[in-house]
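A quick write-up on the structure given underneath.
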2 protein chains.
Amino acid sequence: MTTETSGTAPVAPLPDVLDALSDPVRLEMVRRLAAEGGPVACSRLYDGIGKSTASHHFKTLREAGIIERSSRDGQTFQRLRVDEVEEALPGVLTAIVAAARR
Amino acid sequence: MTTETSGTAPVAPLPDVLDALSDPVRLEMVRRLAAEGGPVACSRLYDGIGKSTASHHFKTLREAGIIERSSRDGQTFQRLRVDEVEEALPGVLTAIVAAARR
DNA sequence: GGACAAGTTCGATGAACATCGAACTTATTC
DNA sequence: GAATAAGTTCGATGTTCATCGAACTTGTCC
């Protein structure tokens with residue numbers, strides 16, 4: 001078995017979700033994840049910041065229940081938890097991602 | 001003429017709007033404004049914080065282009081700029097307010 | 001095993017911000 | 001005009017947080 005998914009956190013309350021998405025770096029990460037539609041390698045989700053900073057932002061998004069981490073063949077992937085967030089906060093993620101596209 | 005409306009600011013970029021809405025105090029203000037559907041007196045939009053703090057939050061929301069201030073008969077009112085925000089960021093405010101209702 | 005690559009964790013640092021109280025402004029009321 | 005009420009502005013304070021570099025972990029490749 002080469003795929004491992006970490007334990008998932010519940011989707012956080014609305015203010016925490018909005019706070020997680022209000023940072024431009026994290027919003028861009030989420031935008032790219034939504035555009036891809038599936039798990040994406042970490043390094044393809046950011047530019048212009050250090051690895052440690054990116055890792056911090058992943059953690060913030062994960063603790064808000066917005067993304068999920070998985071490992072495969074030694075690489076780390078992030079996946080947008082579209083269904084879970086939509087169920088907890090209907091329309092919110094969809095509208096924000098759509099607005100972020102332009 | 002007893003009604004005076006201040007100059008309006010354009011709706012801010014998405015990250016700034018989300019940041020403005022990510023604070024629980026401000027989110028509650030916006031939720032109450034949306035529930036009323038029209039201008040509401042300042043003092044009816046918050047509880048448990050001082051006047052100066054509330055004024056600070058109004059300023060933040062105003063600078064994000066989310067609300068608008070008006071005066072009438074010596075009282076100050078705040079109004080949610082639903083149409084303007086919807087045009088700039090379709091669906092965002094609507095979904096957030098709906099999610100905040102529960 | 002040694003070298004390398006990819007992420008995470010840890011401290012430190014500097015900036016942003018939520019909150020308060022006090023002073024000021026403006027309008028109403030007696 | 002004095003007093004009151006409603007908001008705003010101004011400093012000050014303490015906390016949170018985005019960022020970095022360095023050290024550590026894990027897995028791959030020669």
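Residue numbers start from 1 in every chain, and the chains themselves are labelled A, B, ... in the order their sequence lines are given, proteins ahead of strands. All values below were derived from every heavy atom in this structure, side-chain atoms included, with hydrogens, water molecules and symmetry-related copies excluded.
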Proximal nucleotide (of [options]) relative to the [X] side chain:
X	options	answer
B:S55	C:dG7, D:dT9, D:dT19	D:dT9
A:S52	D:dC20, C:dA18, C:dC20	D:dC20
B:R26	C:dA18, C:dT8, D:dT19	C:dA18

Using a heavy-atom cut-off of under 4.0 Å over every strand shown, decide if B:H56 touches base, sugar-phosphate, or nothing. base
Can you tell me the distance, in whole Å, between the [atom1] atom of [X] and the [atom2] atom of [N]?
X	N	atom1	atom2	value
B:F77	C:dT26	CZ	C1'	16 Å
A:R62	C:dT8	CZ	C1'	9 Å
A:F58	D:dC17	CZ	C1'	18 Å
A:D73	C:dA5	CG	P	19 Å
B:Q75	D:dG7	CD	C1'	11 Å
B:E28	C:dA18	CD	P	16 Å
B:K59	D:dT9	NZ	C1'	8 Å
B:R72	C:dT28	CZ	P	13 Å

Taking the nucleotide of DNA chain D with the closest heavy atom to each, which residue, A:K51 or A:G48, is nearer the 5' end?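 Looking at DNA chain D, the more 5' nearest nucleotide goes with A:G48.
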Below 4.0 Å: OP1/OP2 of D:dG7 and any side-chain N or O of B:R69: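 For D:dG7, OP1/OP2 do not have a side-chain N/O of B:R69 under 4.0 Å.
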Ignoring backbone atoms, test whether A:S43 places a side-chain nitrogen or oxygen under 4.0 Å from the OP1 or OP2 oxygen of C:dA6. no
What distance separates A:L27 CG from B:L18 CG, expressed to the nearest 0.5 Å?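 These two atoms lie 6.5 Å from each other.
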Between [Y] and [X], is the closest basic N to carboxylate O distance under 4.0 Å?
X	Y	answer
B:R81	B:E86	no
A:R26	A:E63	no
A:R32	A:E28	yes

Is the shortest heavy-atom distance from the side chain of B:T53 to the side chain of B:Y46 under 4.5 Å? no
